[in-house]
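Remarks on the structure that follows.
Letters go in sequence order (proteins before strands), and every chain restarts at 1. Excluded from the calculations below are hydrogen atoms, water molecules and symmetry mates; all remaining heavy atoms, backbone and side chain alike, are included.
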Protein chains: 2
Amino acid sequence: MPHALPVLDTAAASCCSPITGGVIADHDAAALAAKFKAMGDPTRVKLLSMVAASGGGEACVCDLNESLDLSQGTVSHHLGLLVKAGLLTRTKRGTWSYYALVPGALPALAETLQV
Amino acid sequence: MPHALPVLDTAAASCCSPITGGVIADHDAAALAAKFKAMGDPTRVKLLSMVAASGGGEACVCDLNESLDLSQGTVSHHLGLLVKAGLLTRTKRGTWSYYALVPGALPALAETLQV
DNA sequence: ACCTTTCATTGACAATCGTCGATGATTGGG
DNA sequence: CCCAATCATCGACGATTGTCAATGAAAGGT
C-alpha cells in the first residue's frame, strides 16, 4: 500500500495501540449496564442474596421487609427494579408475594465477566 | 421442643420460609454494590470492554476518547470512576495515560454471581 | 522560553435515584 | 358485608449522577 498517510501512521505508532477487537456493541453495553445498574445498590444486593439463600429459591416480602430497616414501600420499589431488570420474578399467591431468581440470569452475567 | 410459641409457628408456616443462611453481610453488600454500580453505565461498560480487548491489556485515552462520541472530560470522569471502583489502573507514561484492567477484579466479581 | 498536546479537574445544570409517608388494590377471615 | 393484612403505587423531597464547556497541570517539541 503505497501512499499511506504518514502523519496518521506515525501518530498511531507513537501513541495508540488499536482496539484489537471484541469490543462490545452499543446495544449489548446498554443491556449489560442496565443489569449491573440494578445490582448497584447495597439494598438490592442484599435482596438478591436473601432470595438466593432462601429455602426453595423463593422469598416472601414479609421476610425481606423485616430484615432491612427500610419502609415497606421502599423495599417493594427495590424489588420492582430487580424484576424489571430481569433478575427476579414475582408470583402472587393469596395475599403474599414471592420473589425468586430468574433461572440463569446471574450465571449469564457472570459469564460476561470471565476472561 | 414443647412450648414452642404456636402463634409464631403457624404464622411462619402460613407465610414465611425463613432465610436459610448465606445472606451477605452489610459490609460485603456495600462493597459489591459499589463495583456493580461502577459498571451500571453503558459508557463504562464499553470502556471496560475496550480496555479488555485492547492489545497488551492497555488502552490509551486517545483511543477510548475518539470512539465514544462524548466530551474528553466526560470520558476522563468515567475512567476515574472505574479506577476508584478498583476495576482499572491508570499509568502515566510521558504525555499519555494508559488504563488497564485490575488483574482478577472482574473474575472475582463473576465468582460472586455463581450458584 | 514558548507553544502544543494530552489529560484531569472544576463549576454548573438537568435528570435520575433512594427514601419516606400516604394512598390504593386484592385477598382472606369473621 | 365489613375489617384486617399484604403489598404495589403515587407524590414529594434531598442527594447523587451524567454531561458539557472551561480551566488547570504537566510533558514534549521547536
Side-chain angles (χ1 to χ4, degrees), chain A residues 7-8 10-17 26 29-30 33-34 36-47 50-51 58-85 88-100, chain B residues 7-8 10-17 26 29-30 33-34 36-47 50-51 58-85 88-100:
Chain A
V7 178
L8 291 179
T10 54
S14 64
C15 156
C16 303
S17 59
D26 285 33
F36 286 135
K37 184 177 190 177
M39 295 193 292
D41 180 274
T43 299
R44 292 197 287 272
V45 168
K46 286 187 72 176
L47 284 172
M50 289 177 189
V51 172
E58 258 188 351
C60 166
V61 178
C62 56
D63 282 329
L64 306 172
N65 223 339
E66 71 184 15
S67 48
L68 271 183
D69 217 46
L70 285 173
S71 82
Q72 176 266 321
T74 298
V75 175
S76 186
H77 173 237
H78 284 304
L79 288 168
L81 289 181
L82 289 170
V83 169
K84 188 155 86 175
L88 290 185
T89 61
R90 183 171 80 98
T91 18
K92 278 199 92 161
R93 261 200 311 274
T95 317
W96 296 288
S97 284
Y98 294 89
Y99 286 87
Chain B
V7 177
L8 293 179
T10 54
S14 63
C15 157
C16 303
S17 59
D26 285 34
F36 286 135
K37 185 177 190 176
M39 295 193 292
D41 180 274
T43 298
R44 293 197 287 272
V45 168
K46 284 187 73 176
L47 284 171
M50 289 175 188
V51 172
E58 258 189 351
C60 166
V61 178
C62 56
D63 282 330
L64 306 171
N65 224 338
E66 71 183 16
S67 47
L68 271 183
D69 216 46
L70 285 173
S71 82
Q72 176 267 321
T74 298
V75 174
S76 185
H77 172 237
H78 284 303
L79 288 168
L81 289 181
L82 289 170
V83 169
K84 187 154 87 173
L88 289 185
T89 61
R90 182 171 80 97
T91 18
K92 278 200 93 160
R93 261 200 311 276
T95 317
W96 296 287
S97 283
Y98 294 88
Y99 286 86

For this session: Please work out if S97(B) contacts a base, only the sugar-phosphate, or nothing of the nucleic acid, heavy-atom cut-off 4.0 Å.
Result: sugar-phosphate
Exercise. What is the nucleic acid contact for R93(B), judged by heavy atoms within less than 4.0 Å: base, sugar-phosphate only, or nothing?
Worked result: nothing
[X] side chain: which of [options] is closest?
{"X": "T95(A)", "options": "dT9(C), dC20(C), dT27(C)", "value": "dT27(C)"}
{"X": "R90(B)", "options": "dA8(C), dA8(D), dT19(C)", "value": "dA8(C)"}
{"X": "H77(A)", "options": "dT9(C), dG18(D), dT19(C)", "value": "dT19(C)"}
{"X": "K37(A)", "options": "dT16(C), dG18(C), dC7(C)", "value": "dT16(C)"}
{"X": "Q72(A)", "options": "dA8(D), dC7(C), dG18(C)", "value": "dA8(D)"}
{"X": "L70(A)", "options": "dT19(C), dC20(D), dC7(D)", "value": "dT19(C)"}
{"X": "T74(A)", "options": "dC20(C), dA8(D), dC7(C)", "value": "dC20(C)"}

Grab the [atom1]-[atom2] distance between [X] and [N] for me, whole Å please.
{"X": "L82(A)", "N": "dG18(C)", "atom1": "CG", "atom2": "C1'", "result": "14 Å"}
{"X": "K92(A)", "N": "dT26(C)", "atom1": "NZ", "atom2": "C1'", "result": "5 Å"}
{"X": "N65(B)", "N": "dC20(D)", "atom1": "CG", "atom2": "P", "result": "10 Å"}
{"X": "W96(A)", "N": "dG28(C)", "atom1": "CH2", "atom2": "C1'", "result": "8 Å"}
{"X": "M39(B)", "N": "dT17(D)", "atom1": "CE", "atom2": "C1'", "result": "18 Å"}
{"X": "F36(A)", "N": "dC17(C)", "atom1": "CZ", "atom2": "P", "result": "17 Å"}
{"X": "L79(A)", "N": "dC17(C)", "atom1": "CG", "atom2": "P", "result": "17 Å"}
{"X": "L81(A)", "N": "dT19(C)", "atom1": "CG", "atom2": "C1'", "result": "12 Å"}

Exercise. At under 4.0 Å, does any side-chain N or O of Y99(A) touch on OP1 or OP2 of dA8(D)?
Worked result: yes
For this session: May I ask you to verify if any side-chain N or O of H78(A) is less than 4.0 angstrom from the OP1 or OP2 atom of dT19(C)?
Result: yes
Closest non-hydrogen atom pair between [X] and [Y], with its separation:
{"X": "W96(A)", "Y": "C60(A)", "answer": "CD1-SG, 3.9 Å"}
{"X": "E58(B)", "Y": "A100(B)", "answer": "CG-CB, 4.0 Å"}
{"X": "Y99(A)", "Y": "V51(A)", "answer": "O-CG1, 3.6 Å"}
{"X": "A38(B)", "Y": "R44(B)", "answer": "O-NE, 2.6 Å"}

Seminar exercise, completed: Between G40(A) and G73(A), the residue closer to the 5' end of DNA chain C by nearest nucleotide is G40(A)
For this session: Step by step, work out the side-chain contact (heavy atoms from CB on, under 4.5 Å) result for L68(A) and M50(A).
Result: CA-CA 11 Å; L68(A) 271 183; M50(A) 289 177 189; 4.0 Å; yes
